[in-house]
Amino acid sequence: MAVGRSSCSGFYATGWLWSLRSKDLRVEGCFSFLSISCVGSDQVHSWILVTSQVISTAWRIARASVMLVVSLLSASLCYFRRLHLYLGHRLKWWIGYLQRKFKRNLSVEAEVDLLSYCAREWKGETPRAKLMRKAYEELFWRYHIKCVRPVKRDNYDALRSVLFQIFSQGLSFPPWMKEKDIVKLPEKLLFSQGCNWIQQYSFGPEKYTGSNVFGKLRKCVELLKMQWTEFSGMRDYHKRGNMCNVLFSDAILEYKLYEALKFIMLYQVTEVYEQMKTNKIIPSPFRLLFSRESSSDPLSFMMNHLNSIGDTCGLDQIDMFILGYSLQVKIKVFRLSKFNSRDFAVCYPEEPLREWPEISLLTENDRQYHIPAKAIFQNDLIKSTQRRPSSSFSI
């Protein structure tokens, strides 16, 4: 029995020890698992952190790259835009330069439709614009003027408009010019009539006066005689038109012709003044001219009026009469600013002494003049160069 109890005690003791050992092993296993779990969690966290940092760095680099590219593109666009504007301005300048260099700068432009010209020049609803449109319509419907030739705007434009029509229509010299050699008129005024004051004649913008004035006037008048003779001898209208385009694109020649016309006006004023002193009957506009304090004689007329033409002013109404009287043409002027009045269409001279040919001018303000025309196709109908009222394209 004692042996049995001791065996049982040993068995129980042995079981108890195994029980304790099993518990120790389970505790150690738990600690080992917990340790492995903590190590795995740290590794995952570190990988997430590294990945986040890599992504953040990559995003910053990508954003900086995109911003740099956008900035470069913006700078490039601004540069090319400025370059485009600069090249555009330079190209425009060169085009204008080449046009001025190689194309003729016509002081009398080609015919354009009258109403189209009016619509282009007079837009808006101001009272003056409405008046001008009505005046142009009056020309179109009542006077059958279908076209207009725009004329260069300067202080010679009235002389230019008159001389262009004389040449383009092939009008011949007035009778008094055929009887006298107009080239010798400057010397005649000086030596025959004792007009020493002619040395104070002024050539438009050129302020020079002096002993050479006779030589310059002679050259101007000689050029006028030569050109007028050449144009009046041409029977082909198209040839006259081409010659006009050549002549009225040469400013130097033009101004010499206009100064010649001014001198012929002065010569006629001097002639009529001498007639008035001998109590001869003179046209009423000349009486009005000499009644003015600023033009009481040829010298004052030249100093106060004629010398300014081409420089600071153009022709006024009394000058227009003297021009028509000197060239023996009836100048009909449509004054659009006087629409709906008796002064809308006036003639210089009002009652010509003979059957003089008629030429027409158009003015909006009594300062700038253009050339009215009936129709473009009527240009081909001009065949006569006789000195009579012309049915040519200019009325």
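Closest approach of Asp311 and Asn155 over heavy atoms only: O-ND2, 2.8 Å. In terms of heavy atoms, Ile182 sits closest to Lys225 at CD1-CB, 3.9 Å. Across Cys147 and Ile145, no two heavy atoms sit closer than the pair O-CG2, 3.4 Å.
Linking ILVMFWY residues whenever their side-chain heavy atoms come closer than 4.5 Å, directly or via other members, places Tyr117 and Met132 in the same cluster. Phe173 and Tyr325 fall within the same hydrophobic cluster, where Ile, Leu, Val, Met, Phe, Trp and Tyr residues are linked whenever their side-chain heavy atoms come under 4.5 Å apart, directly or through other members. Residues Leu223 and Ile309 share a hydrophobic cluster, clusters being chains of Ile/Leu/Val/Met/Phe/Trp/Tyr side chains in contact below 4.5 Å.
Of the charged side-chain nitrogens involved, none lies within less than 4.0 Å of a carboxylate oxygen, so that Lys146 and Glu111 do not count as a salt-bridged pair. Using a 4.0 Å cut-off between a side-chain N of Lys or Arg and a carboxylate O of Asp or Glu, Lys219 and Glu222 do not qualify as a salt bridge. Comment: Arg133 engages Glu125 in a salt bridge, judged by a side-chain N to carboxylate O separation of less than 4.0 angstrom.
Residues Ser291 and Arg287 have side chains that never bring a donor and an acceptor to within less than 3.5 angstrom of each other. Asp297 and Ser300 form a side-chain donor-acceptor contact under 3.5 Å, judged by distance and modelled atom types alone.
Judged by the 6.0 Å distance and 45° axis criteria, Lys216 is positioned over the aromatic ring of Phe203.
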Considering only distance and modelled atom types, tabulate donor-acceptor pairs under 3.5 Å from the side chains of residues 264-275, sequence neighbours left out.
unit_1 : atom_1 : unit_2 : atom_2 : d
Tyr267 : OH     : Lys180 : NZ     : 3.0
Tyr267 : OH     : Lys188 : NZ     : 3.0
Thr270 : OG1    : Leu266 : O      : 2.9
Glu271 : OE2    : Gln193 : NE2    : 2.8
Glu274 : OE2    : Lys277 : NZ     : 3.4

Could you give the side-chain donor-acceptor pairs of residues 73-88 under 3.5 Å, partners two or more places apart or in another chain?
unit_1 : atom_1 : unit_2 : atom_2 : d
Ser74  : OG     : Val70  : O      : 3.0
Ser76  : OG     : Leu72  : O      : 2.7

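Rounding to the nearest 0.5 angstrom, the gap separating the CE atom in Met226 from the CZ atom in Phe231 is 10.0 Å.
Every residue meeting the side chain to side chain contact (heavy atoms under 4.5 Å, CB included) condition with Lys152, not counting sequence neighbours, appears here in chain and number order: Ser107, Asp154, Arg160, Tyr255. Tyr258 is linked by a ring-ring contact (aromatic ring centres under 6.0 Å, His included) to Tyr156, counting only residues two or more places apart in sequence or in another chain.
For CZ of Arg120, the number of neighbouring non-hydrogen atoms (other residues, nucleotides, ligands) closer than 6.0 Å is greater than 12.
In this structure a side-chain-to-backbone donor-acceptor pair under 3.5 Å is present from Asp319 to Asp316. A donor-acceptor contact shorter than 3.5 Å links the side chain of Arg240 to the backbone of Met234.
Other cluster members for Trp59: none, since no ILVMFWY side-chain heavy atom sits under 4.5 Å from it. Apart from Val50 itself, the hydrophobic cluster it occupies contains Val54, where clustering links Ile, Leu, Val, Met, Phe, Trp and Tyr at side-chain heavy-atom distances under 4.5 Å.
In this structure, Met303 and Trp197 have side chains that are not in contact, with every pair of non-hydrogen atoms separated by 4.5 Å or more. Side-chain contact between Phe334 and Glu138: absent, with no pair of heavy atoms (C-beta onward) separated by less than 4.5 Å.
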